[in-house]
Asks: 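Have a look at this one.
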Amino acid sequence: MQHDIVIPLFNLAWSTRAVYEGVARHYAPRKFHVVAPRKVAAALTDAVSEEGWDVPGLAAYPEEDFFTEKFGLTKDDLAGELDLEASLYPPGWFYQQLLKLGADDGIADLTDWFLIWDSDLLPVATWPVVDPADGRPVYALLQDRGRGNSDIVDRWRRWIETVLDVPALTDDVATFVPHHMWFNRSHLASLRQRLGVYYDAPDTPWPKLVMRSANAFGTFSEFWLYASWAAARHPDDAPRYHPYAAYGATTERFFEDGSAPFATALRQHLGVALDAPLRPDYEALCHFIEAIYGKEQLPSSLSFEASPRHRKKGRANMHVEELRSRWHNAEDAPAPS
C-alpha cells in the first residue's frame, strides 16, 4: 500500500537520525513529512543533506504557520486559545497533537492513509504496518494499560465520550497510545466536523475548538480519540492492531536526552568522547543494541523520552514499559560486551 509518514518534531535530538532512518528502512514511505519549528526544520534539512541521512523523500514544514493557509491561524493564535491554568500541559504539547490530527490540512499531497510516527520511537525488532494477507493498515499496541496516571486517562476517556459522543475504544491489556497510528483523511474530516457539532460552531476552525476543549477537560489524547472515532463511526476501517503480547511486551521507554545511561554506554561502544557530538545512524545504533541485548532478545522498539519531567516522575505513575527498562538507573545500565 502506497503511503506517507508524518512525524511532528520538537527539536533535533541525538537520536533523530537513527529513528528516521529506521522508520524509512522498515516502512518505505512514498514521502516522509516532518513538521517542526522553523529553525528546527531548517536544521533538519541541512543535516539530512550534509550528513547523508538515508531518508528518501523527506520534506520539512515549519509548524508556526502550518494552519495559516487553510485557516489564517498561526501557532501563536492557537496557543492563545489555551487557558494555562485550566489545561494540564503547555501549548506546545497540545499543538503537536493538532499537527497529527490536521496533517492533511497543511500537507497538500498527503496520501489517503498516512502513518503518524512519534519522533522518539526507534523501531528495532519491529512489526509490519501493512497486513500481508490483505494489504490493509495495521499498527502495534505498545503501552500496557495497568499503570500510568489514572486521572489523565479518565480525562481522556471523558473527552472522547463527551465531545465525540462515542465509546472510548478499549483493549483488555493495552492502551491506544502506541506512539504511532494509521490515520485516514476522510475519517479525520468527519471527526473534525463532529467538533463543530459539539460546540455548535460549524464555522469555527476545528484547531481552535480542540484547543478550547483542553480548557474544559485539561487534556486530550489524539491517538485514543481517533481510534475510538474510527471504530465507532467507520467500522469498515476500524483500527487493526497487533496485540500487546506480540510487540508491546518487549518495548522499553526511558529518559534519554543524550547524557543519560543509554547514550553514555553508546558513546563507550562507539568510542565517542563525552564532549563530542553524538548522532549515530540507524545501523550503528542497531549494532549497539544487539551487543547489549543479544540478537535473540531484541526489543521491538525503544522510546527515548527527552523531557526533563520524566526524571521527576514517581514510580507510581510510571508505565510498565518504563519499569521494565534497564536504562532508568545508572547502576542498572549494562556495559556493552
Asks: Exactly one of F114, W117, Y27 should register a ring pair (Phe, Tyr, Trp, His ring centres under 6.0 Å) with H180. Which one does?
Replies: W117
Asks: Would you say the side chains of T68 and T74 form a donor-acceptor pair under 3.5 Å?
Replies: no
Asks: If the plane angle is over 60° it's perpendicular, under 30° parallel, otherwise tilted; pick one for Y89 and W93.
Replies: parallel
Asks: Any luck finding a side-chain donor-acceptor pair between N184 and S186 under 3.5 Å?
Replies: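 Side chains of N184 and S186: pair found under 3.5 Å.
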Asks: Run the salt-bridge test on D118 and K100 with the 4.0 Å N-O cut-off and return the result as yes or no.
Replies: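 Between K100 and D118 there is a salt bridge, with a charged N closer than 4.0 Å to a carboxylate O.
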Asks: Cation-pi check for F176 against R145: NZ or CZ below 6.0 Å from the six-membered ring centre and within 45 degrees of the axis, yes or no?
Replies: no
Asks: Hydrogens and angles aside, do H179 and S303 bring a side-chain donor and acceptor to less than 3.5 Å of each other?
Replies: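 No, S303 and H179 have no side-chain donor paired with an acceptor closer than 3.5 Å.
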Asks: Can R253 and E305 be counted as an ion pair, charged N to O under 4.0 angstrom?
Replies: yes
Asks: State yes or no: are the ring centers of Y61 and H33 separated by less than 6.0 Å?
Replies: yes
Asks: Please check if any side-chain donor atom of T219 sits under 3.5 Å from a side-chain acceptor atom of W156, or the reverse.
Replies: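 Result is yes, a qualifying pair exists.
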Asks: Are W182 and Y139 close enough that their ring centers fall under 6.0 Å?
Replies: no
Asks: Taking the basic N atoms (NZ, or NE/NH1/NH2) and the acidic carboxylate oxygens, is any pair closer than 4.0 Å for D134 and R240?
Replies: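 Yes, charged N to carboxylate O under 4.0 Å.
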Asks: Is the shortest distance from a Lys or Arg side-chain nitrogen in R38 or D65 to a carboxylate oxygen in the other one below 4.0 Å?
Replies: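 Salt bridge present between R38 and D65.
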Asks: Please tell me whether W206 and D105 have a donor and an acceptor in their side chains that are separated by less than 3.5 angstrom.
Replies: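 Present: a donor and an acceptor within the cut-off.
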Asks: Regarding E252 and Y293, do their side chains bring together a donor and an acceptor under 3.5 Å, going by distance alone?
Replies: yes
Asks: Inspect the contact between R30 and D4 and indicate whether a charged nitrogen and a carboxylate oxygen are less than 4.0 angstrom apart.
Replies: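 Salt bridge flag = yes for R30 with D4.
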